[in-house]
Amino acid sequence: MPPQQFYGVLNWAPGGYLGFNVSGEVQYVGKIYANDRNTAFAPAYTVGNLRAGFAQNLGKLRLSEYVRVNNIADVQYIGSVIVGDTNGRYFEPAPGRNWFAGVTLDVTF
């Protein structure tokens, strides 16, 4: 486990505008060592994500549509550390900038 981690999110939903909402996230992860001698490590990194969407209430239904962009600055960082790997292959890269869209339908009974 890295000794320092931080996650923060800021949401804004002004009301009206077909349920428009937007969110920004930031995640910081500190340096993590990968071997017993602490000679191999993944450096600390910070990434940001953005999300925008709409939400409508239709009786007992709630329809939400959104688009999300992860790693908006396209930061190159280590996404996974295999601690104590005997072949010295400790690190796996994280994906670069990526996006996805989605729709959620909630039903109240």
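Bear in mind that the values here come from a model prediction, so they are computed numbers and not experimental data.
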Q | Residue pair Leu105, Leu61: steps toward the side chain to side chain contact (heavy atoms under 4.5 Å, CB included) verdict | A | CA-CA 7 Å; Leu105 180 63; Leu61 301 176; 4.2 Å; yes
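- Side chains of Tyr90 and Asn35 form a contact here, defined as non-hydrogen atoms less than 4.5 Å apart.
- When all heavy atoms of Val81 and Ala42 are compared, the closest pair comes out as CG2-CB, 3.8 Å.
- Residues Ser64 and Phe54 are not in side-chain contact: their nearest non-hydrogen atoms beyond the backbone lie 4.5 Å or more apart.
- Side-chain contact between Phe6 and Val26: present, with at least one pair of heavy atoms (C-beta onward) separated by less than 4.5 Å.
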task: Evaluate the criterion side chain to side chain contact (heavy atoms under 4.5 Å, CB included) for residue pair Val47 and Tyr77; output intermediate values, then yes/no.
output: CA-CA 9 Å; Val47 293; Tyr77 66 97; 3.4 Å; yes
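- Applying the side chain to side chain donor-acceptor pair (under 3.5 Å) rule to pairs touching residues 98-109 yields Asn70-Asn98, sequence neighbours excluded.
- Summarising the geometry of Asn57 relative to Arg62, their closest heavy-atom pair is OD1-NH1, 2.9 Å, with the distance given to 0.1 Å.
- Pro2 and Val29 get closest at one heavy-atom pair: CG-CG1, 3.6 Å.
- Ile78 and Val83 fall within the same hydrophobic cluster, defined by Ile, Leu, Val, Met, Phe, Trp and Tyr side-chain heavy atoms under 4.5 Å apart, directly or through other members.
- Here the CG-NZ distance, from Leu58 to Lys60, works out to 14.0 Å after rounding to the nearest 0.5 Å.
- Between Asp74 and Gly96, the shortest heavy-atom distance links the atoms OD1-CA, 3.3 Å.
- Distance OH/Tyr66 to CZ/Phe100: 5.0 Å, rounded to 0.5 Å.
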| said: Could you walk me through whether Val69 and Arg97 satisfy the side chain to side chain contact (heavy atoms under 4.5 Å, CB included) test, starting with their C-alpha distance in whole Å, then the side-chain angles of each, then the deciding distance to 0.1 Å, before giving a yes or no? | reply: CA-CA 7 Å; Val69 179; Arg97 181 183 306 119; 4.0 Å; yes
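- Between Phe91 and Phe41, the closest side-chain pair of non-hydrogen atoms is not below 4.5 Å.
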Working note: Val22 + Leu50, criterion side chain to side chain contact (heavy atoms under 4.5 Å, CB included); need CA distance, chi angles, decisive distance, verdict. CA-CA 8 Å; Val22 65; Leu50 292 176; 5.7 Å; no
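- One N or O on the side chain of Gln56 and one on the backbone of Leu18 form a donor-acceptor pair closer than 3.5 Å.
- Note on residues 21-32: pairs passing side chain to side chain donor-acceptor pair (under 3.5 Å), not counting sequence neighbours, are Tyr7-Glu25, Asn11-Ser23, Asn21-Arg51, Ser23-Arg51, Glu25-Asn49, Glu25-Arg68, Lys31-Tyr33.
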